[in-house]
Structure formats: structure tokens, C-alpha cells
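The next block holds one structure in the form of C-alpha cells; read it before the comments.
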Amino acid sequence: MVPPPPGEESQTVILPPGWQSYLSPQGRRYYVNTTTNETTWERPSSSPGIPASPGSHRSPLPPAVNGYHASGTPAHPPETAHMSVRKSTGDSQNLGSSSPSKKQSKENTITINCVTFPHPDTMPEQQLLKPTEWSYCDYFWADKKDPQGNGTVAGFELLLQKQLKGKQMQKEMSEFIRERIKIEEDYAKNLAKLSQNSLASQEEGSLGEAWAQVKKSLADEAEVHLKFSAKLHSEVEKPLMNFRENFKKDMKKCDHHIADLRKQLASRYASVEKARKALTERQRDLEMKTQQLEIKLSNKTEEDIKKARRKSTQAGDDLMRCVDLYNQAQSKWFEEMVTTTLELERLEVERVEMIRQHLCQYTQLRHETDMFNQSTVEPVDQLLRKVDPAKDRELWVREHKTGSIRPVDMEI
């Protein structure tokens, strides 16, 4: 999309409800509907449903992000080594010219990592795209020094590292749940084995019945823990392992795509600087030829001047062409950065919410297991309350008595 020339926003004009105005890195003003995320280069009409002009263009994603806080300072201050004041590469009319506007343009822009931004000291106060959300799309445009001091890391690379770390944490959580499942399975096997033990199996009476129920409760509890381990595998571990299975591959594609756009942008920027240098040399040559004509050092000077003027004009055209290609590359990279950072933000929210849901499922299964375990010992409690030593003695005596005649004293 090639935007129209920027226009000054009147401070007295009130935008329709839900609309905000911002400046792109090239200083062009655009408008964002904060409700629908629609964007347009044309100021929206105050009448609902009526666009400001038939040629207005809207897109589902914002074409730019605001790089400055309301205080007028950069939202993400770059390192001094990565900031330099440059001419405005978006104003092709000033290129190759020595007019005052060229000097003013140089003072009104800064270049950070080959990206041209309006200078914070000469632009209106600007808000972030998502000022209350600490969104990825607002805070990762500059590079950051490596903690070890060996170089710098691109802001986008930091986002990718966080995403990959999140994927690793998800994998480790899955491994943790797998260990928990193994413990449950071993515990269930040991309970089942113990329930078959014959120790104290000859206990009689109501106490013997209670003891038999204790052993049976172990077998029931083993079954409960086996079911718990199976549900942990199917409802917690497996979903954690399978969620975004191709995540790392997708992140590599995303990384390569943004890196390629950034390389292209750097290449276009280098071409602009090379063309600007060539134009300066052609202008210097033209000036020298003009001075030679004034002092008539050579009869061929006039012809040389025409030739130098043609070369200077060609150099100016080349510079304008390079600037146009640079602006296209910058706009493409900028839009892709906004789109991709918002997508990474969405994926991170999705990952956290998915893990939260499955951990909630784990706690729910744990509560159910405790409830079922409690139910296995309830029959034991009932039988223990019925244990009656007197009744047991009566039954045992009735079954094993040998006679009721007692011995008497011997007579002389």
C-alpha cells in the first residue's frame, strides 16, 4: 500500500468515537479504530458508516506502531551505538538538494538499525498502540545489548527466545506429569500385590470380617489409582505434548521471514547511502566544471558541464529510485513486524491458558481420586463399628466347646 502524503491533524478537529490518530515511522499520520482494529490513512468521517473519501483504505491489522511514549521520549531507547541522525529518506524531493528543507529533514528524523523514525524532539506527543497492555508490538523495535557484552540481540529475537523457552517449559511439565503417572502405576501395583497377602487371614469373627475388608479395600484403591494414572496420561500429559507440535518449525519460518525482510531493508538502506554519496560527487563535479567555465580554463568546459549536469540528474533519479525501494521495504518490514509480534502475543496467551486448563484438570482428577479412595475405606469403617468381642466369643465357644461339666472335689 502506498500512502498519500501526510497531512497535519488539526488540534480542534474531534475524531469519531473509537478512533485514534498516530504517526508512522515516516511521520505519516494514520487512524486506528480501537474497537475493530481497522486502520486508514484518511481521517474518518464524523458520520457513522460514511468514509472521509472513496479512496480510503482499511486493513484488519494496523500498518504501523507508535514508537514513543506520551512524554515524547522513545518507547524503547536504542543504544547510542545503534542511533544516528540521518536525512529523511521518505522525502525524495529534498534528496540531492542543498535547500534549507534538507537540513530541517536531517534534524527531524533518526535512523535506528536502518529504520527511519521521526525525531522525538520535533514530533507531536505520541501514544503507544496498546498503552495499557504492555503489548509485544510496542516494546521490541530496538536491539538490546547481550548480557555478556559480546554484541546485541534484536528485539524480535528476544520474543522468539521467549516463545521457544515457553515451549521447553511445556515439554518439561509434560515430563513431570509422566513421572507422576509412573508413581501412581507403581503404587497401584504394590497395593494390588499387598491385597493378596495371606498374613492374618485366619482371624475369625467380626474382627476377621473387618480385616478381610481392609485387604479388599487395598485392591479397590489400587484400581482407583490405575484409573487416575490413565486419565492423567490421556487428559493432561498427552495434550501438553501434542499442543502446537510444530511450534519450533513455525517459529523458525517466522524468524527467517523477518530476518530476510530486515536484511532486505539494510540492503536498501545501503543503496540509498551509496546513491546519496554518488549524487554528492556528481554535484561536486558539476560545481567544479561551472567554476572552470567562469575562469575559462578550457574550451570544452561548457560541453563538460552539460555532461556533468546529465550525470548529476541521473544520480538524483537513482537516489529517488533507491529511496522509493527503501520506503517500500521499510513499510513491508514494519507491517510484518506488527502482525508477527501480535501473533506471537496471541500464541503466548494461548499457551498459558492451555497449560492452566490442564493443570486445573489435574487438580480435579486428584480430588476425584481422594474421594474414591475415601469410598474404599467406608465399608471397613462400618465393619469395625460392628466388632463385638462378646458376640465373637459366644460364637467361637458354641463351635469349639468340649463340655460344660466342671471337676468336683475328691472324697476320702
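For reference, positions follow the sequence shown, starting with 1.
Each of Tyr136, Phe334, Phe156 was evaluated against Trp141; a single residue qualifies, Phe334, per the ring-ring contact (aromatic ring centres under 6.0 Å, His included) test. Checking Glu368, Glu223, Glu185, Arg366 one by one against Phe228, the side-chain contact (heavy atoms from CB on, under 4.5 Å) holds for a single residue, Arg366.
Checked for salt-bridge contact, Arg284 and Glu281 miss the test: no charged N lies under 4.0 Å from a carboxylate O. A salt bridge links Lys216 to Asp220: at least one charged side-chain nitrogen sits closer than 4.0 Å to a carboxylate oxygen. The existence of a salt bridge linking Glu179 and Lys182 is excluded, since no basic side-chain nitrogen approaches an acidic carboxylate oxygen closer than 4.0 Å. Salt-bridge formation is not detected for the pair Arg385/Asp381: no Lys NZ or Arg NE/NH1/NH2 atom is positioned less than 4.0 Å from an Asp or Glu carboxylate oxygen.
Heavy-atom contacts from other residues, nucleotides or ligands closer than 6.0 Å to NZ of Lys238 number 12 or fewer. Shown here is Lys167, whose NZ atom has more than 12 heavy atoms of other residues, nucleotides or ligands within 6.0 Å. Heavy atoms from other residues, nucleotides or ligands lying under 6.0 Å from CZ of Arg393 number 12 at most.
A donor-acceptor pair under 3.5 Å is formed between the side chain of Thr341 and the backbone N or O of Val338. Side chain of Thr339 to backbone of Glu336: no donor-acceptor contact under 3.5 angstrom is found. In this structure, Ser267 contributes its side chain and Lys263 its backbone to no donor-acceptor pair below 3.5 Å. His358 contributes a side-chain N or O that, together with a main-chain N or O of Met354, makes up a donor-acceptor pair within less than 3.5 Å. Proximity of a side-chain donor or acceptor of Ser206 to a complementary backbone N or O of Asp388 within less than 3.5 Å is detected. Remark: the backbone N or O of Arg309 is paired with a side-chain donor or acceptor of Thr313 at under 3.5 angstrom. In this structure, the side chain of Ser174 does not engage the main chain of Gln170 through any donor-acceptor pair within 3.5 Å. Looking at Trp211, its side chain does come within 3.5 Å of a backbone N or O of Ala200 through a donor-acceptor pair.
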Asp324 vs Gln328, side chain to side chain donor-acceptor pair (under 3.5 Å): CA-CA, chis, key distance, verdict: CA-CA 6 Å; Asp324 183 57; Gln328 293 179 27; 2.9 Å; yes

Test side chain to side chain contact (heavy atoms under 4.5 Å, CB included) applied to Thr363 and Leu359, step by step: CA-CA 6 Å; Thr363 59; Leu359 291 182; 5.8 Å; no

Verdict with supporting geometry, Glu345 and Lys130, side chain to side chain contact (heavy atoms under 4.5 Å, CB included): CA-CA 12 Å; Glu345 187 175 299; Lys130 295 186 175 183; 3.9 Å; yes

From CA spacing to verdict: salt bridge (charged side-chain N to carboxylate O under 4.0 Å, His left out), Arg180, Glu184: CA-CA 6 Å; Arg180 181 73 173 87; Glu184 287 295 321; 2.4 Å; yes

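Residue Thr340 holds its OG1 atom at 11.0 Å from CH2 of Trp333, rounded to the nearest 0.5 Å. In this structure, Glu237 CD and Met173 CE are separated by 14.0 Å, a value rounded to the nearest 0.5 Å. Atom CG in Asp186 sits 8.0 Å away from atom CD1 in Ile183 (nearest 0.5 Å).
Between Gln357 and Glu353, the side chains place a donor N or O and an acceptor N or O closer than 3.5 Å (distance only, hydrogens not considered). Looking at Gln374 and Asp370, their side chains never bring a donor and an acceptor atom within 3.5 Å of each other. Side-chain contact, Glu378 with Gln382: no donor N or O sits under 3.5 Å from an acceptor N or O. A donor-acceptor contact under 3.5 angstrom links the side chains of Asp318 and Gln314, judged on distance only.
Residue pairs meeting the ring pair (Phe, Tyr, Trp, His ring centres under 6.0 Å) criterion with at least one partner in residues 367-391, sequence neighbours excluded, are absent.
A 4.5 Å side-chain heavy-atom check between Glu175 and Arg178 finds at least one atom pair inside the cut-off.
Across all their heavy atoms, Tyr362 and Leu232 have their closest contact at CD1-CD2, 3.4 Å. Glu221 and Thr376 make their closest contact through N-CG2, 4.0 Å (heavy atoms, listed as atom of the first residue, atom of the second, distance).
Applying the side chain to side chain contact (heavy atoms under 4.5 Å, CB included) rule to Met288 yields the partners Asp285, Gln292; only residues at least two apart in sequence or on another chain are considered.
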